[in-house]
S.K.: 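Let me give you the structure first, and then I'll get to my questions.
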Amino acid sequence: MKTLTVALPGREYDILIERGLLSQAGERVRAVLPKARKLAVVTDTNVGPLYYNRVKAGLEAAGFETAVFVIPAGEQSKNPGQLARLWEDFMEFGLTRTDGVVALGGGVVGDLAGFAAAAILRGVAFVQLPTTLLAQVDSSVGGKVAVDLDHGKNLAGAFHQPRLVLMDPDTLDTLPLPVFMAGMAEVVKYGCIWDGDFFDFLAARPSREQLTADIEHILYTCCDIKRQVVMEDELDTGLRMILNFGHTLGHAYELAGRYEQWSHGQAVAAGMCAAARLGVSLGVTPPEVPAQIERACAALGLPTRISCSQEDYAAAIGLDKKGAGADITLILLDKMGRAVPRKMPRQELLNRLEAIP
Ligand code: NAD
Ligand code: GLY
């Protein structure tokens, strides 16, 4: 088994990675929650039928009383109404401050259940059992939990670190291919921002079969990078911003496709390619880098260019918002494997976006 420790003072936790680990959920959760009696397991309509029985059997064998709360699969469930329903359900179940919440699913379940745990009874313990590639390499680690508002994604949330992140790479076998590849966009991002050798390793493995054969190494490498970033900047005021590489422009592309045409991962892929081209035009990024990222994304079936109106670019970079500061911090690469923040006036960014190839 591969183990990483997120060593935050007073909130330290392990990330465990091993094939078949879901079957050990009971004993592993018991080790971090020795006094808990009840566990509220939150999952969704796709993941529950696939994995809940196995998790429940393990948790009950370890002496927990469990109840399952199943939300409809998809981003629409990450809303304040669903959050309030979970809180009422937890109270009906009789959850107390020494009990816990388990998130079994992708980033939607993790963000929603994590936020529910952060505020119920002023905060109870929670455990992440991530089942998508995106959740395993990104959202289950670092403690950002949130719901979406009508005004935008992730606008109401908290930092609430999990007590344990237990990832079973075998769960990725049931992911639809587009969902797997959307997670790969975030995996490629780690290579771009932190580790050029890892980028080359990924670029040499463009098929799902090849990636799956090395999945434990891939999960470990991504979580190790995220762990280091979070340990240095838990509250996202500095270094953690490098995780946004490709995301500002990716947000514009999600908007351009009205959140239907392009998944988040697809939009981030095109966003990384555009940020690399922009970096070249600013004299920050070496000229060969955009083609490297484009080749890696294209080989994974991810888009490298998405057309976007100036209005959508303007909205995504906050030019339409009251009170948006004049400057925006954009994450660029000054070489493959190293991210640098660059502040620039929002209007200048908009003008440059029009001009990038
Ligand atoms: P998701 O949770 O919607 O999962 C994608 C789809 O895969 C869903 O239909 C789900 O039911 C299904 N699924 C999940 N696991 C499965 C499995 N093993 N087999 C078959 N189907 C499975 O989406 P996601 O991509 O995992 O997460 C996206 C969310 O994560 C967004 O809301 C985003 O804002 C959030 N996020 C949070 C952070 C953070 O730091 N908290 C970071 C990145 C993204
Ligand atoms: N996914 C970005 C972050 O955790 O900060």
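We count ligands from 1, going down the list as the structure has it; atoms in each ligand are counted the same way.
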S.K.: With respect to atom 33 (C) of ligand 1, which of His247, Gln76, His264, Lys78 exhibits the smallest heavy-atom separation?
M.R.: Lys78
S.K.: With heavy atoms of Leu243 as the reference, note each atom of ligand 2 found under 4.0 Å away.
M.R.: 3 (C), 5 (O)
S.K.: So is Arg11 actually on top of Tyr13's ring, under 6.0 Å and inside 45° of the axis?
M.R.: no
S.K.: Is there a donor-acceptor pair closer than 3.5 Å between any side-chain N or O of Glu232 and the backbone N or O of Val229?
M.R.: no
S.K.: Can you find an N or O of Leu172 that's nearer than 3.5 Å to an N or O of ligand 1?
M.R.: no
S.K.: For atom 16 (C) of ligand 1, what is the closest protein heavy atom, and at what distance to 0.1 Å?
M.R.: Leu175 CD2, 3.4 Å
S.K.: Drop me the distance from Asp224's CG to His217's NE2, to the nearest 0.5 angstrom.
M.R.: 10.5 Å
S.K.: Can you tell me which residue and heavy atom of the protein come closest to atom 6 (C) of ligand 1, and the distance to 0.1 Å?
M.R.: Val179 CG1, 4.3 Å
S.K.: Relative to ligand 1, is Lys226 under 4.0 angstrom through side chain, backbone, both or neither, heavy atoms considered?
M.R.: side chain
S.K.: Would you check whether Gly107 has a nitrogen or oxygen atom less than 3.5 angstrom from a nitrogen or oxygen atom of ligand 1?
M.R.: yes
S.K.: Give the residue, atom name and distance (to 0.1 Å) of the protein heavy atom nearest atom 13 (N) of ligand 1.
M.R.: Val47 CG2, 3.7 Å
S.K.: Quick one: does any side-chain atom of Arg240 pair with a main-chain N or O of Gly142 as donor and acceptor, under 3.5 Å?
M.R.: yes
S.K.: Identify, for atom 32 (O) of ligand 1, the protein heavy atom at the shortest distance, and state residue, atom and that distance.
M.R.: Glu75 OE1, 2.6 Å
S.K.: On a heavy-atom basis, I'd like to know which of Ser139, Pro72, Pro176, Ala146 is closest to atom 39 (C) of ligand 1.
M.R.: Ser139
S.K.: So Leu172 and Thr212, do their side chains get closer than 4.5 Å, heavy atoms only?
M.R.: no
S.K.: Have a look at ligand 1 and work out which part of Asp148, if any, has a heavy atom under 4.0 Å from it: side chain, backbone, both or neither.
M.R.: neither
S.K.: Among protein heavy atoms, which lies nearest atom 19 (N) of ligand 1, and at what distance?
M.R.: Thr174 OG1, 2.7 Å
S.K.: So Tyr220 and Leu4, do their side chains get closer than 4.5 Å, heavy atoms only?
M.R.: yes
S.K.: Is the closest N or O pair between Asp44 and ligand 1 shorter than 3.5 Å?
M.R.: yes
S.K.: Parallel, tilted or perpendicular for His160 and Phe126, by the 30°/60° rule?
M.R.: parallel
S.K.: Using a 4.5 Å cut-off on heavy atoms from C-beta on, say whether the side chain of Met167 contacts that of Cys223.
M.R.: yes
S.K.: According to a hydrophobic-cluster definition based on side-chain heavy atoms being under 4.5 Å apart (Ile, Leu, Val, Met, Phe, Trp, Tyr only), do Leu121 and Leu112 belong together?
M.R.: yes
S.K.: Side chain or backbone of Asp138 under 4.0 Å from ligand 2, or both, or neither, by non-hydrogen atoms?
M.R.: side chain
S.K.: Could you name the option among Thr131, Asp138, Thr45 that has the heavy atom nearest to atom 43 (C) of ligand 1?
M.R.: Asp138
S.K.: From atom 4 (O) of ligand 1, work out which of Thr132, Val268, Val108, Leu50 has a heavy atom at the shortest distance.
M.R.: Thr132
S.K.: Provide the closest heavy-atom pair for Gln128 versus Pro162 in the form atom of the first, atom of the second, distance.
M.R.: CG-CB, 3.9 Å
S.K.: Does only the side chain of Leu134 get under 4.0 Å from ligand 1, or the backbone, or both, or neither? Count heavy atoms.
M.R.: side chain
S.K.: Counting non-hydrogen protein atoms only, what is the nearest one to atom 35 (C) of ligand 1? Give residue, atom name and distance.
M.R.: Asp111 OD2, 3.4 Å
S.K.: Which ILVMFWY residues can you reach from Val47 by hopping between side chains whose heavy atoms are under 4.5 Å apart?
M.R.: Met1, Leu16, Leu21, Leu22, Val29, Val32, Leu33, Leu39, Val41, Leu50, Tyr51, Tyr52, Val55, Leu59, Phe64, Val68, Val70, Val102, Leu104, Val127, Leu129, Leu164, Leu166
S.K.: Tell me: protein heavy atom nearest atom 12 (C) of ligand 1, and distance?
M.R.: Asn46 ND2, 4.0 Å
S.K.: Please could you name the atoms of ligand 1 that Thr171 approaches to less than 4.0 Å, counting only its heavy atoms?
M.R.: 17 (C), 18 (N)
S.K.: Any idea which atoms of ligand 1 are less than 4.0 Å away from a heavy-atom of Tyr51?
M.R.: 18 (N)
S.K.: Show the numbers, then the answer: is there a side chain to side chain donor-acceptor pair (under 3.5 Å) between Thr5 and Asp14?
M.R.: CA-CA 4 Å; Thr5 301; Asp14 284 343; 2.8 Å; yes
S.K.: Would you say the side chain of Ile120 lies within less than 4.5 Å of the side chain of Leu86, judging by non-hydrogen atoms?
M.R.: no
S.K.: Using a 4.0 Å cutoff against the non-hydrogen atoms of Ala73, which atoms of ligand 1 qualify?
M.R.: 9 (O), 11 (O)
S.K.: Are any of the heavy atoms in Lys226 under 4.0 Å away from ligand 2?
M.R.: yes
S.K.: Considering only non-hydrogen protein atoms, determine which one is nearest to atom 41 (N) of ligand 1 and report residue, atom name and distance to 0.1 Å.
M.R.: Lys144 O, 2.8 Å
S.K.: Can you name the closest pair of heavy atoms from Gln228 and Trp194 and give their distance?
M.R.: OE1-CZ2, 3.6 Å
